[in-house]
Amino acid sequence: MDTNKRVLLGMSGGVDSSVAALLLQKQGYEVVGCTMKLWEDINLDNGCSSDNASRDAKTICDKLGIEHYEVDYREEFKKYVVDDFVCEYKECRTPNPCIVCNKHMKFDLMFKKAEELNCNYIATGHYAKTEYSEKYDRYVIKKSNSEKKDQTYVLYNIPKDKIKNVLFPLSDFTSKDEIRKIAEENDLINAKKPDSQDICFIPDGDYISFLKKYANVNPKEGNMVTTSGKIIGKHKGLISYTIGQRKGLGIGGGDVYYVIKLDKDKNELVVGSEEDLYSSSCTSINTNLILIDNLDDELHVLAKIRYNSKPIGATIKKGEKEKEVIVTFDEKAKSVTPGQSIVFYTEDGIVIGGGIIK
């Protein structure tokens with residue numbers, strides 16, 4: 001069987017991956033659809049791993065005349081994504097489960113499934129781009145044409161040797177309206193289907209209730225203190241707060257406070273002024289470098305410290321531990337949050353790599 005043009009496409013039942021299937025077909029690829037069953041409790045029309053998602057993906061595949069497989073990865077999803085989410089919150093860090101899911105599910109297990117099905121490529125509906133760079137003599141991940149829609153922030157964990165086998169058919173589109181128009185013109189059933197929520201295993205967005213119910217996490221009250229150590233109130237459990245939070249602190253008086261630190265050892269919520277939120281540096285752990293093999297010298301980069309933040313100038317250098325990178329910002333950065341990812345780019349939008357903020 002000729003696998004050169006055979007591609008396994010991750011299909012969530014949504015409009016992005018459905019249009020991706022159509023575009024790949026028009027580019028001459030033999031498309032195979034793959035929907036991952038990830039979590040027991042999901043039963044929403046727009047859940048990315050629900051029964052409805054698989055049904056819609058199968059309907060699209062039947063319309064386009066392509067194979068469709070549903071793969072049961074619930075055990076792996078719990079192990080790699082959900083348990084990590086719980087552990088991070090217990091350690092007073094703020095995780096990004098979509099990044100963890102991409103690392104272990106889409107760009108590890110899905111590659112193994114592609115090999116099993118004789119597919120040379122995998123594809124997803126992410127807004128990103130892969131291409132060969134003459135300058136770097138390798139395949140690279142690059143920002144999509146739309147800065148607003150770009151999703152490279154969640155893709156830095158793709159193994160560098162696999163980038164050449166990854167396709168992002170939506171790389172040239174700048175708005176969701178364009179995608180929906182293509183879906184409507186081709187009579188796809190999900191042309192007007194709402195986008196899925198960010199955390200697929202917490203459909204109502206109430207992560208605190210999820211942690212209490214699923215992981216038996218019982219938040220403990222503690223002192224709310226200023227950066228100088230003065231007790232000014234009580235907090236209702238550290239999992240209820242995140243760095244930079246201003247509202248919902250329950251502090252009376254005229255002073256405005258922000259969450260500066262979650263002190264797990266003392267069970268204290270440290271609050272301070274907006275000025276206290278700014279950091280001149282941070283450390284990236286579990287760093288995956290995909291544009292370069294080693295960080296032998298200091299390197300100036302553009303860094304994103306959260307999904308929706310603008311890239312800021314920074315210098316990175318190798319840390320003392322394996323996969324540790326020290327980041328020094330050109331100008332102080334606001335609300336650098338442990339558990340979130342920091343992703344490094346070149347000036348022209350190529351992903352250098354990324355890691356987890358310590």
Side-chain angles (χ1 to χ4, degrees), residues 6-25 29-82 85 97-119 121-127 151 154 166-170 176 179-180 182-184 186-205 210 214:
R6 187 170 162 89
V7 53
L8 185 65
L9 170 66
M11 299 188 71
S12 65
V15 66
D16 285 336
S17 55
S18 298
V19 170
L22 185 71
L23 295 172
L24 287 167
Q25 273 195 323
Y29 289 95
E30 180 186 357
V31 184
V32 179
C34 175
T35 303
M36 294 183 284
K37 189 173 182 65
L38 301 177
W39 189 244
E40 292 279 8
D41 297 334
I42 298 173
N43 190 25
L44 296 179
D45 286 340
N46 63 343
C48 67
S49 64
S50 67
D51 291 337
N52 289 329
S54 185
R55 177 202 64 202
D56 289 351
K58 177 69 164 58
T59 300
I60 296 296
C61 288
D62 288 344
K63 179 178 178 60
L64 298 179
I66 65 180
E67 302 171 53
H68 177 262
Y69 295 87
E70 181 183 76
V71 289
D72 188 345
Y73 289 150
R74 287 174 293 182
E75 183 178 338
E76 293 88 347
F77 186 75
K78 176 187 177 299
K79 174 183 176 183
Y80 291 118
V81 182
V82 181
F85 179 85
C98 292
I99 289 177
V100 180
C101 182
N102 284 332
K103 177 179 180 178
H104 294 287
M105 314 306 291
K106 294 185 180 73
F107 299 106
D108 184 11
L109 292 176
M110 200 168 146
F111 263 118
K112 293 173 182 175
K113 188 66 179 179
E115 184 177 356
E116 178 186 323
L117 296 173
N118 296 308
C119 296
Y121 298 95
I122 69 167
T124 69
H126 285 102
Y127 290 79
Q151 293 175 300
V154 300
V166 178
L167 304 173
F168 295 123
L170 306 187
K176 195 61 168 274
I179 302 301
R180 293 196 185 281
I182 293 172
E184 288 178 357
N186 289 273
D187 297 320
L188 301 185
I189 61 167
N190 49 16
K192 296 182 179 179
K193 187 175 181 179
D195 292 340
S196 60
Q197 67 286 333
D198 285 340
I199 303 179
C200 65
F201 55 93
I202 310 179
D204 62 0
F210 174 83
Y214 173 80

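Excluded from the calculations below are hydrogen atoms, water molecules and symmetry mates; all remaining heavy atoms, backbone and side chain alike, are included.
- A donor-acceptor pair under 3.5 Å is formed between the side chain of Q151 and the backbone N or O of Y127.
- L9 CG to Y121 OH: the interatomic distance, rounded to the nearest 0.5 Å, is 15.0 Å.
- Using a 4.5 Å heavy-atom cutoff, the side chains of V31 and L64 are not in contact.
- The neighbour count for E115 CD, taken as heavy atoms of other residues, nucleotides or ligands under 6.0 Å away, does not exceed 12.
- Using a 4.5 Å heavy-atom cutoff, the side chains of M36 and K106 are in contact.
- Every residue two or more places apart in sequence or in another chain that forms a ring-ring contact (aromatic ring centres under 6.0 Å, His included) with F77 is listed here: F201.
- A donor-acceptor pair is defined here as one N or O able to donate and one able to accept, closer than 3.5 Å; such a pair exists between the side chain of K193 and the backbone of G13.
- Looking at every heavy atom in both residues, A114 comes nearest to I122 through CB-CG2, 3.6 Å.
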Discussion item. side-chain contact (heavy atoms from CB on, under 4.5 Å), that's the test. Do R6 and V32 meet it? Break it down for me.
Written reply: CA-CA 7 Å; R6 187 170 162 89; V32 179; 3.6 Å; yes
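- Here the shortest heavy-atom pairing between V15 and A183 reads CG2-CB, 3.7 Å.
- Residue-environment remark: NZ (K176) exceeds the threshold of 12 foreign heavy atoms within 6.0 Å.
- The OH atom of Y69 lies 11.0 Å from the NZ atom of K58; values are rounded to the nearest 0.5 Å.
- For the residue pair N190 and G14, the shortest heavy atom distance occurs at ND2-O, 3.3 Å.
- T35 places a side-chain N or O within 3.5 Å of a backbone atom of M11 that can act as its donor or acceptor partner.
- In this structure, P97 and V81 approach most closely via the heavy-atom pair O-CG1, 3.8 Å.
- Taking 4.0 Å as the cut-off between side-chain N and carboxylate O, K79 and E76 do not count as a salt-bridged pair.
- When all heavy atoms are compared, the tightest approach of I179 to L170 is CD1-CD2, 3.8 Å.
- Evaluation of the ring-ring contact (aromatic ring centres under 6.0 Å, His included) rule for Y73 yields no partner, not counting sequence neighbours.
- Using modelled atom types, no side-chain atom of E70 and backbone atom of S54 make a donor-acceptor pair closer than 3.5 Å.
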Discussion item. I'd like to know whether Y29 forms a side-chain contact (heavy atoms from CB on, under 4.5 Å) with L167, so could you lay out the CA-CA distance, the side-chain angles of the two residues, the decisive distance to 0.1 Å, and finally the verdict.
Written reply: CA-CA 11 Å; Y29 289 95; L167 304 173; 3.7 Å; yes
Practice prompt. Apply side-chain contact (heavy atoms from CB on, under 4.5 Å) to the pair K113 and C119, showing each step before the final yes or no.
Written response: CA-CA 8 Å; K113 188 66 179 179; C119 296; over 6 Å; no
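- Across P169 and A123, no two heavy atoms sit closer than the pair CD-CB, 4.4 Å.
- Taken to the nearest 0.5 Å, the CD1 atom of I60 stands 11.0 Å off from the CZ atom of R55.
- To the nearest 0.5 angstrom, D16 atom CG is 7.5 Å from R180 atom CZ.
- Atom CD1 of residue I199 and atom SG of residue C101 lie 12.0 Å apart, to the nearest 0.5 angstrom.
- I189 contributes atom CD1, which lies 9.5 Å from atom NZ of K63 (distance to the nearest 0.5 angstrom).
- Between F210 and Y214, the two ring planes are parallel [angle under 30°; tilted spans 30° to 60°].
- Ring pair F168/F107 is perpendicular by interplanar angle, where above 60° counts as perpendicular and below 30° as parallel.
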Worksheet item: Run the side-chain contact (heavy atoms from CB on, under 4.5 Å) check on N102 and H126 step by step: do they pass?
Response: CA-CA 11 Å; N102 284 332; H126 285 102; 3.7 Å; yes
